[in-house]
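Got a structure here, written out as structure tokens. Questions coming.
What you are looking at is a predicted structure, and each value in this text was computed from that prediction instead of being measured.
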Amino acid sequence: MLLQGKTVVVSGVGAGLGHQVAAAVVRDGGNAVLGARTEANLAKSAAELDPDGRHTAHRTTDISDEAQCEALAALAVERFGRIDAVVHVAAWDSYFGGLQDADFGTWQQILDVNLLGTLRMTRACLPALKERGGAVVIVGTQSAVAAPNEVQQAAYAASKGALTSAMYSLARELGPHRIRVNTVLPGWMWGPPVQAFVTFTAHTEKVSEEEVLGRLTARMALPELATDGDVADAIAFLASDRARAITGQSLLVNAGELMR
């Protein structure tokens, strides 16, 4: 098992990718410490993944609040005695638009959550990570390197692009402590948000959901979208010792839509 005996902190656990990451951790033999702003989502995920509660713990966490980040890291150490990896799924991704209609006040809030919040959560985990080395895995977005035609999410893409740039510095800074820092860049990823987009677009344009989905997959080398679970598997690999010589890298998980 990739993560046997490891303790992994996962931020942003809801119905989609965060849940799948936590599921991968538990499936692969690890302990998952879950954080998100909504207690009901955390409790639901923990109950589904780990009914007897032996391999999960959770605490409500807003990554824009440093004290809450520190409390989640402390929970991991208190419950399982260690932190071996932190996976950053938490993000503000629901603001749409480009430059011309930008509300820069909202942009600043998005940067505070997506960029600084991720760094806050990372810093909170550093004392435990430094004890034996480990991994930081950031969830970025393909939109940071290739903007999609279908939607405008300039603020989200900019915040994630800044985070990928920060990754390079973190990889250098934390490398001497044997802490690896990598980013996974999902493209169109089949899960609740993309399902909602497909349904909404089909309804708005009065076409079938299959037609909307076909437009997306037509650009891909593989004939179907990557799923939340596919992305979670890539994250689990980067969090594991199998990736012990990989740091400062960005991995596209996108069924071959964009190749670099």
Side-chain angles (χ1 to χ4, degrees), residues 9-19 21 34-42 59-72 86-124 136-170 181 183-201 203-205 212 216 228 231 250 252 254 258:
V9 174
V10 186
S11 72
V13 176
L17 179 58
H19 177 81
V21 171
L34 319 180
R37 292 182 302 165
T38 305
E39 168 63 25
N41 290 342
L42 293 170
R59 175 164 287 164
T60 53
T61 307
D62 182 341
I63 62 170
S64 66
D65 185 310
E66 190 161 5
Q68 292 185 40
C69 293
E70 291 172 351
L72 185 64
V86 55
V87 178
H88 298 288
V89 183
W92 184 342
D93 61 358
S94 57
Y95 178 76
F96 295 88
L99 175 64
Q100 294 185 78
D101 57 353
D103 174 354
F104 286 130
T106 302
W107 277 54
Q108 287 180 322
Q109 294 175 57
I110 290 169
L111 285 164
D112 185 54
V113 173
N114 296 355
L115 174 60
L116 299 182
T118 297
L119 297 177
R120 287 185 195 99
M121 191 68 247
T122 300
R123 185 164 68 178
V136 177
V137 185
I138 298 164
V139 176
T141 175
Q142 179 178 284
S143 298
V145 294
N149 293 322
E150 293 81 5
V151 294
Q152 285 188 325
Q153 282 186 295
Y156 176 67
S159 67
K160 290 293 191 175
L163 195 51
T164 299
S165 294
M167 172 195 72
Y168 299 118
S169 294
L170 291 177
V181 188
T183 299
V184 171
L185 302 174
W188 289 95
M189 178 176 61
W190 190 249
V194 172
Q195 288 173 312
F197 169 81
V198 169
T199 299
F200 174 80
T201 303
H203 176 75
T204 301
E205 298 183 8
V212 177
L216 300 179
D228 286 353
V231 176
S250 296
L252 284 161
N254 64 358
L258 175 68

With sequence neighbours left out, which residue pairs that include part of residues 95-111 fulfil the salt bridge (Lys or Arg N to Asp or Glu O under 4.0 Å) condition?
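Listed once each, the pairs would be none.
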
Might you work through the side chain to side chain contact (heavy atoms under 4.5 Å, CB included) test for Thr183 and Leu163, ending with a clear yes or no?
CA-CA 9 Å; Thr183 299; Leu163 195 51; over 6 Å; no

Taking all non-hydrogen atoms of both residues into account, name the closest pair between Gln109 and Trp92 and its distance.
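Heavy atoms of Gln109 and Trp92 come nearest at CB-CZ3, 3.4 Å.
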
Answer yes or no: does atom CZ of Phe200 have more than 12 heavy-atom neighbours from other residues, nucleotides or ligands under 6.0 Å?
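Counting neighbours around CZ of Phe200, 12 or fewer heavy atoms of other residues, nucleotides or ligands fall under 6.0 Å, so no.
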
List for me each residue that meets side chain to side chain contact (heavy atoms under 4.5 Å, CB included) alongside His19, sequence neighbours excluded, and say none if there are none.
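His19 satisfies side chain to side chain contact (heavy atoms under 4.5 Å, CB included) with Ser45, Glu48, Leu49 only.
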
If I compare all heavy atoms of Leu34 with all of Leu72, which pair ends up nearest, and what's the gap?
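Nearest pair, atom of Leu34 first, then Leu72: O-CD1, 3.6 Å.
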
Side chain to side chain contact (heavy atoms under 4.5 Å, CB included) between Ile63 and Val113, intermediate numbers included:
CA-CA 6 Å; Ile63 62 170; Val113 173; 4.2 Å; yes

Which pair of heavy atoms, one from Leu185 and one from Ser250, lies closest together, and at what distance?
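Looks like CD1-CB, 3.9 Å.
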
Residues forming a side-chain hydrogen bond (donor to acceptor under 3.5 Å, both in side chains) with Thr199, sequence neighbours excluded:
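Thr199: side-chain hydrogen bond (donor to acceptor under 3.5 Å, both in side chains) contacts with Glu209.
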
Just to verify, what does Glu39 make a side-chain hydrogen bond (donor to acceptor under 3.5 Å, both in side chains) with, not counting sequence neighbours?
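Expected list: none.
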
Please enumerate all residues that pass ring-ring contact (aromatic ring centres under 6.0 Å, His included) together with Tyr168, with sequence neighbours excluded.
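So Tyr168 forms no ring-ring contact (aromatic ring centres under 6.0 Å, His included) with any residue.
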
Which residues pass the side-chain hydrogen bond (donor to acceptor under 3.5 Å, both in side chains) test with Thr60, not counting sequence neighbours?
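With sequence neighbours excluded, Thr60 shows a side-chain hydrogen bond (donor to acceptor under 3.5 Å, both in side chains) to no residue whatsoever.
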
Any residue meeting side chain to side chain contact (heavy atoms under 4.5 Å, CB included) with Thr141, in chain and number order, not counting sequence neighbours:
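Here the qualifying residues are Ser143, Ala144, Tyr156, Lys160.
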
Can you name the closest pair of heavy atoms from Val198 and Trp190 and give their distance?
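Result for this residue pair: CG2-CZ3, 3.9 Å.
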
Check for a donor-acceptor pair, side chain of Arg120 on one end and backbone N or O of Cys69 on the other, with a separation under 3.5 Å.
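Answer holds: no.
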
Quick check: closest heavy atoms across Pro186 and Gly140, and the distance to 0.1 Å?
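Between these two residues, the closest heavy atoms are CD-O, 3.3 Å.
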
Can you tell me how far apart CG (Leu216) and CZ (Phe197) are? Round to the nearest 0.5 Å.
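Reported to 0.5 Å precision, the distance equals 6.0 Å.
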
In chain order, what residues pass the side chain to side chain contact (heavy atoms under 4.5 Å, CB included) check against Ala102, with sequence neighbours excluded?
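Ala102 satisfies side chain to side chain contact (heavy atoms under 4.5 Å, CB included) with Phe104, Trp107 once adjacent residues are dropped.
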
Tell me, please, which residues at least two apart from Arg37 pass side chain to side chain contact (heavy atoms under 4.5 Å, CB included).
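Here the qualifying residues are Asp62.
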
Which value, rounded to the nearest 0.5 Å, describes the distance between Thr118 atom OG1 and Asp112 atom CG?
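The CG atom of Asp112 is 10.5 Å from OG1 of Thr118, to the nearest 0.5 Å.
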
Around atom CD of Gln100, are there more than 12 heavy atoms of other residues, nucleotides or ligands at under 6.0 Å?
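Open.
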
Test side chain to side chain contact (heavy atoms under 4.5 Å, CB included) applied to Val136 and Leu170, step by step
CA-CA 9 Å; Val136 177; Leu170 291 177; 5.7 Å; no

Using every non-hydrogen atom in the two residues, find where Val89 and Ser11 come nearest and quote the distance to one decimal.
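That would be CB-O, 3.1 Å.
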
Pairwise distance OG1(Thr122) to CG(Leu116) - rounded to 0.5 angstrom:
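Nearest 0.5 Å value for the OG1-CG distance: 11.5 Å.
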
Side chain to side chain contact (heavy atoms under 4.5 Å, CB included) for His88 and Ile138? Distances and angles first, verdict last.
CA-CA 5 Å; His88 298 288; Ile138 298 164; 4.0 Å; yes

Restricting to side-chain hydrogen bond (donor to acceptor under 3.5 Å, both in side chains), what partner residues turn up for Gln108, sequence neighbours left out?
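Applying side-chain hydrogen bond (donor to acceptor under 3.5 Å, both in side chains) to Gln108 gives none.
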
